[in-house]
Amino acid sequence: MHEKPQTMLSHGTLPYPAGTLVEDTISERTGRLVGVIEERTKGDNRVVSRQAFVRPQGGGIEWDVPLERIKPVTETDKA
């Protein structure tokens, strides 16, 4: 049987400044980037996953999305 390595969670580096309007490229939901949580292995500190936390514009309940699925909203996207 193969054991899953032990992991730990920590704050990750934001790909854009906090508060940037971002879009989930799959669901097309938009909101403000709040933070990033990384899951890393305890032994070799390898990144297992990175989740972005996004808050809807105007407030509301945050949701998380894999970091690779977000992109900043541009003026062209808003039109």
Side-chain angles (χ1 to χ4, degrees):
M1 175 164 58
H2 186 62
E3 274 190 46
K4 182 180 176 188
Q6 290 187 337
T7 60
M8 58 188 170
L9 299 177
S10 63
H11 291 278
T13 304
L14 296 174
Y16 318 108
T20 298
L21 184 61
V22 295
E23 176 184 30
D24 176 342
T25 58
I26 301 296
S27 71
E28 298 182 352
R29 289 177 71 183
T30 60
R32 300 285 175 184
L33 179 63
V34 176
V36 172
I37 297 293
E38 294 179 336
E39 181 181 16
R40 293 178 171 272
T41 58
K42 284 188 174 183
D44 58 6
N45 206 35
R46 182 178 48 83
V47 173
V48 175
S49 68
R50 297 179 77 202
Q51 292 289 114
F53 285 80
V54 181
R55 180 174 295 132
Q57 284 189 264
I61 298 174
E62 291 178 8
W63 76 93
D64 64 306
V65 61
L67 189 60
E68 64 272 6
R69 282 184 24 193
I70 65 166
K71 67 172 188 149
V73 174
T74 63
E75 289 301 318
T76 306
D77 294 331
K78 293 179 189 177

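For the single chain, residues carry numbers from 1 onward in sequence order.
- For residues 7-27, the pairs satisfying salt bridge (charged side-chain N to carboxylate O under 4.0 Å, His left out) are Glu23-Lys71, Asp24-Arg69, with sequence neighbours left out.
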Just list the side-chain donor-acceptor pairs under 3.5 Å for residues 53-68, sequence neighbours left out, or say none.
residue: Arg55; atom: NH2; partner: Glu62; partner atom: OE2; Å: 2.5
residue: Asp64; atom: OD2; partner: Gln51; partner atom: NE2; Å: 2.7

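- Other members of a hydrophobic cluster containing Val48 are absent, since no ILVMFWY side chain comes under 4.5 Å of it, directly or through relayed contacts.
- Under the rule for a side-chain hydrogen bond (donor to acceptor under 3.5 Å, both in side chains), the partners of Asp44 that lie at least two apart in sequence or sit in another chain are Thr41.
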Side-chain donor-acceptor pairs under 3.5 Å in residues 13-22, sequence neighbours left out?
residue: Thr20; atom: OG1; partner: Pro17; partner atom: O; Å: 2.6

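- Shortest non-hydrogen contact noted between Arg50 and Val36 is NH2-CG1, 4.1 Å.
- Applying the side-chain hydrogen bond (donor to acceptor under 3.5 Å, both in side chains) rule to Arg40 yields the partners Glu38; only residues at least two apart in sequence or on another chain are considered.
- Under the rule for a side-chain hydrogen bond (donor to acceptor under 3.5 Å, both in side chains), Thr25 has no partner lying at least two apart in sequence or in another chain.
- Applying the side-chain hydrogen bond (donor to acceptor under 3.5 Å, both in side chains) criterion to Ser49, with sequence neighbours excluded, gives Glu39.
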